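Scroll down for the structure; my scribbles are underneath it.
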Amino acid sequence: MKVGGNLYLPKDYKKGVKYPAVIIEHPMGAVKEQGSNLYAQKLAEKGFVTLAIDLSFWGESEGQPRNAVLPDVYAEDFSAAVDFLGSSDFVDRDKIGVLGICGSGSFVQFQQPRLILVLRP
């Protein structure tokens with residue numbers, strides 16, 4: 001399944017530098033354009049590479065039935081996002097975190113040991 005997302009680079013991005021990254025996931029019942037993108041933009045201004053994603057079954061991501069709530073699948077979405085960011089030449093793969101807004105923070109909290117931190121606003 002394809003997962004939709006918006007990638008933001010740091011305000012002072014310099015080629016050849018590896019940056020810390022944060023994956024940002026929307027609150028339940030919403031999509032990335034309803035909050036996650038704003039967090040992503042603000043963190044990019046502070047020097048992070050950020051990736052705001054729509055979880056499977058929501059927004060631009062694939063999956064049927066639409067708007068399904070399947071935390072196990074969401075954990076796979078986070079894993080794919082970590083793989084995507086970690087394989088890029090501008091992200092420090094040892095400094096990838098996640099910000100889950102609202103209940104989405106709990107979907108990854110104990111299921112993604114590769115992440116260095118979990119942020120919940």
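We're numbering straight along the sequence, starting at 1. As the structure is a computational prediction, the values presented were derived from the model and not from experiment.
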*So do the side chains of Val82 and Ile23 get within less than 4.5 Å of each other, counting heavy atoms only?*
yes
*Within the side chain of Thr50, is there an N or O that forms a donor-acceptor pair under 3.5 Å with the backbone of Val22?*
no
*Do the side chain of Glu45 and the main chain of Lys11 share a donor and acceptor less than 3.5 angstrom apart?*
no
*Are Leu51 and Leu85 side-chain neighbours, meaning at least one heavy-atom pair lies under 4.5 Å?*
yes
*Are the ring centres of Tyr8 and Phe48 closer than 6.0 Å?*
no
*Say whether Val73 and Val98 are linked into one hydrophobic cluster, either directly or through other cluster members, by side-chain heavy-atom distances under 4.5 angstrom.*
yes
_Side-chain donor/acceptor of His26 to backbone N/O of Ile101, under 3.5 Å_ = no
*Answer yes when Lys32 and Glu60 have at least one side-chain N-carboxylate O distance shorter than 4.0 Å, and no when they do not.*
yes
*Atom of Asp54, atom of Gly59 and distance for their closest heavy-atom approach*: OD2-CA, 3.5 Å
_Leu55 and Tyr74, any side-chain heavy atoms less than 4.5 Å apart_ = yes
*Side-chain contact test, heavy atoms from C-beta onward, threshold under 4.5 Å: evaluate it for Val3 versus Phe84 and give yes or no.*
no
*Can Leu38 be reached from Ile24 by stepping across I, L, V, M, F, W or Y side chains whose heavy atoms are under 4.5 Å apart?*
no
_Nearest 0.5 angstrom please: Ser87 OG to Arg93 CZ, how far?_
7.5 Å
_In the structure I gave you, are the side-chain heavy atoms of Met28 and Trp58 within less than 4.5 Å of one another anywhere?_
yes
*Supply the atom-to-atom distance Ser36 OG to Asn6 CG, rounded to the nearest 0.5 angstrom.*
9.5 Å
*asked:* With heavy-atom distances below 4.5 Å as the criterion, would you say the side chains of Asp92 and Pro20 are in contact?
replied: no
*What orientation do Tyr13 and Phe90 show, parallel under 30°, tilted 30 to 60°, or perpendicular over 60°?*
perpendicular
